[in-house]
Amino acid sequence: MLRFILSFFALLWSFESFAHGISDEAKKAMIEGGYFQYIVLGAEHMITGYDHLLFLFGVIFFLTSFKDIVKFISVFTLGHSITLIFATFMGITANYWLIDAVIALSVCYKGFDNNKGFQEYLGMKAAPNLLFMVFVFGLIHGFGLSTRLQQLPLGDESGPMLMRIISF
């Protein structure tokens with residue numbers, strides 16, 4: 001258990017552990033690229049965004065039907081998209097280090113839940129409605145990406161900026 005705690009804090013303090021960092025190459029592609037480039041960058045983010053992958057893996061690990069897997073991934077994606085679009089478009093931001101820490105805690109929350117930590121150590125149920133929790137965590141994860149995207153010039157006019165975000 002001590003080894004797990006030490007590993008967790010080492011990962012949390014590592015600068016490379018923050019999932020919503022944007023490489024210089026991706027920044028350049030976002031500033032200079034068209035809508036297709038945003039689609040490619042969005043796909044790369046989904047595939048390499050290990051915070052999303054770890055959280056969704058933690059959620060779908062115990063699901064037994066393909067229908068449930070699609071439902072949970074869709075709810076997460078909906079929450080992620082809502083805050084990504086609205087927070088970016090409306091200029092709502094927060095300290096991205098704090099948001100990334102909350103994202104890391106959401107992954108730990110789900111891991112603790114999967115290992116029955118809430119029942120065994122705290123004597124309580126983790127979440128009354130897992131689908132709702134996945135939606136909330138999607139909102140948080142989307143807000144994390146939004147805080148990073150707002151550091152880039154996505155377009156001066158509302159139309160191009162919104163289309164770039166949707167393309168992403």
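Nothing fancy with the numbering, it's 1 onward along the sequence.
Remark: Ile39 CD1 to Gln37 CD distance equals 10.0 Å, nearest 0.5 Å. Between Leu78 atom CG and Ile73 atom CD1 the span is 13.5 Å, to the nearest 0.5 Å. With rounding to the nearest 0.5 angstrom, the CE atom of Met90 is 11.5 Å from the OG atom of Ser146. How far CZ of Phe112 is from CD of Gln119: 9.0 Å, rounded to the nearest 0.5 Å. Taking CD1 from Ile82 and CZ from Phe143, the interatomic distance works out to 14.0 Å, rounded to the nearest 0.5 Å.
The backbone N or O of Val70 sits less than 3.5 Å from a side-chain atom of Ser74, completing a donor-acceptor pair. Looking only at distances, no side-chain donor or acceptor of Thr147 sits under 3.5 Å from a matching main-chain atom of Tyr96. Under the 3.5 Å distance criterion, the side-chain polar atoms of Asn129 are matched with a main-chain donor or acceptor of Leu131.
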Practice problem: Starting from the C-alpha separation in whole Å, work towards a yes-or-no answer on side chain to side chain contact (heavy atoms under 4.5 Å, CB included) for Ile99 and Val102. | Solution: CA-CA 5 Å; Ile99 300 299; Val102 172; 5.6 Å; no
Quiz prompt | Step-by-step side chain to side chain contact (heavy atoms under 4.5 Å, CB included) determination, Lys110 to Leu130 | solution = CA-CA 10 Å; Lys110 191 58 197 146; Leu130 184 57; 3.9 Å; yes
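Checked against the 6.0 Å centroid threshold, His141 and Phe76 count as a close aromatic pair. Ring centers of Tyr109 and Phe118: under 6.0 Å apart, within the cut-off.
Only one option out of Leu84, Ile103, Thr83 pairs with Leu145 in a side chain to side chain contact (heavy atoms under 4.5 Å, CB included); it is Leu84.
A continuous path of hydrophobic side-chain contacts links Ile92 to Val136 [ILVMFWY only; heavy atoms under 4.5 Å].
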